[in-house]
Protein chains: 2
Amino acid sequence: MRIADYFRKYKLFWLYGGSMALLLAVLKWMELKYIVYSHAFEIYAGLIALLFLGLGIWFSRKLTRPQVETRIVEKPVYIAASTPFIRNEQACTDLGLSERELEVLELMAAGFSNQEIAGRLFLSLNTVKTHAARLFEKLEVQRRTQAVEKGKRMGLIP
Amino acid sequence: MRIADYFRKYKLFWLYGGSMALLLAVLKWMELKYIVYSHAFEIYAGLIALLFLGLGIWFSRKLTRPQVETRIVEKPVYIAASTPFIRNEQACTDLGLSERELEVLELMAAGFSNQEIAGRLFLSLNTVKTHAARLFEKLEVQRRTQAVEKGKRMGLIP
DNA sequence: GATAAAATCACCCGAAAGTATGAAGCTGTT
DNA sequence: AACAGCTTCATACTTTCGGGTGATTTTATC
């Protein structure tokens, strides 16, 4: 592990230690220079005060969890109108639509009658009606045209 | 203005001054008690460090604007993709569609029943049926779902 | 193997949609 | 005025659609 990694891991320790060392070095240097004999204590106190003021600020900023405010923003989801149709699987599962019901919906949207849909899917007319009824129930509509309209709007069909 | 109000207004000043006064009082008391002669400087430094550490933390918390982290939660709102619809006028005239017939077609596409369309356009049910019949004739379809499908495909309706 | 969900089909009834035909009024144009 | 086209409405009839109910079979899941 490189020194930089150690620094990152024990950031607080290094900062603290480094600051202290720097402070002592400065004081020793001043002592050596015979500058601060008379006001040594005041300078000491001031430096310590500064150091810990900064440390306190740094601490507070670092250790205080950012206040999270969850803001619900309604974001319109535009369904790509043209080409590569991507079915809104989420909506499909949310509505609990089955495979057959979706097939019926697609053929409805294509303009086929129940009889024609029955022919295409090799079902009896009654079965198609049952699928259609369930579909309407799940989509909360009364007519096939409504189902088609809602299906398109929700991205269930192209 | 009461003292409490002054305190609120100049909070920082009072806190700072109060702390300093308290610190000096404590030190003087300790001096008087002959307790801290030998370690006076270390105690001084420690107290100053503590004081300013707290001050720094308080400062930071007080003067830093609360960090608001906005978390966007996407909520799907199903709306009709608003692609600026441009009616295929050419196709309209080619087919010889009348104004009324187009209106009926639009409402059909929206999923309305003949009865509802009649209500919206202030017509009798029979009239709507007549328009629908002519529409189907001109579009060469048999059912309303087919008309809607063909209408969309030909750009007659959005 | 029990259970649940989906898929399949049937029957009935009423409502909605579609077909056919006729007719009257209201535009514009020639 | 005559004509064509659009709009409006009506009546009668047929077909399709949708709702309700019930049943059997298949498939998936635990």
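Because the structure is predicted, anything quoted here is derived from the model rather than measured. Letters A, B, ... are given to chains in the order of the sequence lines, protein chains preceding strands, and every chain is numbered from 1.
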Ser98(A) side chain near dA7(C) phosphate (N/O to OP1/OP2, under 4.0 Å): yes
Test salt bridge (Lys or Arg N to Asp or Glu O under 4.0 Å) applied to Arg143(B) and Glu149(B), step by step: CA-CA 10 Å; Arg143(B) 278 175 294 283; Glu149(B) 194 273 334; over 6 Å; no
Whole-Å distance separating the CZ atom of Arg134(B) from the C1' atom of dA17(C): 17 Å
Heavy-atom side-chain contact between Arg120(A) and Gln115(A) under 4.5 Å: no
Nearest non-hydrogen partners of Gln146(A) and Gln142(A), listed with the distance: OE1-N, 2.9 Å
Listed nucleotide nearest any side-chain atom of Glu99(B), set dG18(D), dC17(D), dT7(D): dT7(D)
Rounded distance in Å - CZ (Arg144(B)) to P (dT16(D)): 15 Å
Sugar-phosphate, base or nothing in reach of Leu125(B), heavy atoms under 4.0 Å: nothing
Partner set under side-chain hydrogen bond (donor to acceptor under 3.5 Å, both in side chains) for Lys138(B), not counting sequence neighbours: Glu101(B)
Crowding at CZ, Arg87(B) (>12 non-hydrogen neighbours, <6.0 Å): yes
Atom-to-atom span, CG of Leu105(B) to P of dA17(C) - whole angstrom: 15 Å
Whole angstrom value for the distance that separates P of dG22(D) from NZ of Lys129(A): 18 Å
Interatomic distance, Glu116(A) CD vs dT16(D) P [rounded to whole Å]: 9 Å
Contact under 4.0 Å: His131(A) side-chain N or O vs dT8(C) OP1/OP2: yes
N or O in side chain of Arg100(B) less than 4.0 angstrom from dT8(D) OP1/OP2: yes
For atom NZ of Lys138(B) and atom C1' of dT19(C), their distance in whole Å: 17 Å
Sugar-phosphate, base or nothing in reach of Ser113(A), heavy atoms under 4.0 Å: sugar-phosphate
Residue pair Thr127(B), Ser124(B): steps toward the side-chain hydrogen bond (donor to acceptor under 3.5 Å, both in side chains) verdict: CA-CA 5 Å; Thr127(B) 306; Ser124(B) 85; 3.1 Å; yes
Helix axis bend for the helix from dG1(C)-dC30(D) to dT30(C)-dA1(D) - C1'-based end axes, five pairs, 10° rounding: 50°
Which residue lies more 5' along DNA chain D, comparing Ser124(B) with Leu97(B) via nearest heavy atoms: Leu97(B)
Atom-to-atom span, CG of Asn114(A) to C1' of dT15(D) - whole angstrom: 12 Å
Remaining members of hydrophobic cluster (4.5 Å side-chain criterion), Phe112(B): Leu95(B), Leu97(B), Leu102(B), Val104(B), Leu105(B), Leu107(B), Met108(B), Ile117(B), Leu121(B), Leu123(B), Val128(B), Leu135(B), Phe136(B), Leu139(B), Val141(B), Val148(B), Met154(B), Leu156(B), Ile157(B)
Glu140(A) side chain near Lys150(A) side chain, heavy-atom distance below 4.5 Å: yes
Side chain of Thr127(B) (C-beta onward), nearest among dG19(D), dA17(C), dC9(D): dC9(D)
Which nucleotide in dT8(C), dG18(C), dG19(D) has an atom nearest any side-chain atom of Phe136(A): dG19(D)
Distance, rounded to the nearest Å, where Met108(A) contributes CE and dG18(D) contributes P: 6 Å
Sugar-phosphate, base or nothing in reach of Asn126(A), heavy atoms under 4.0 Å: base
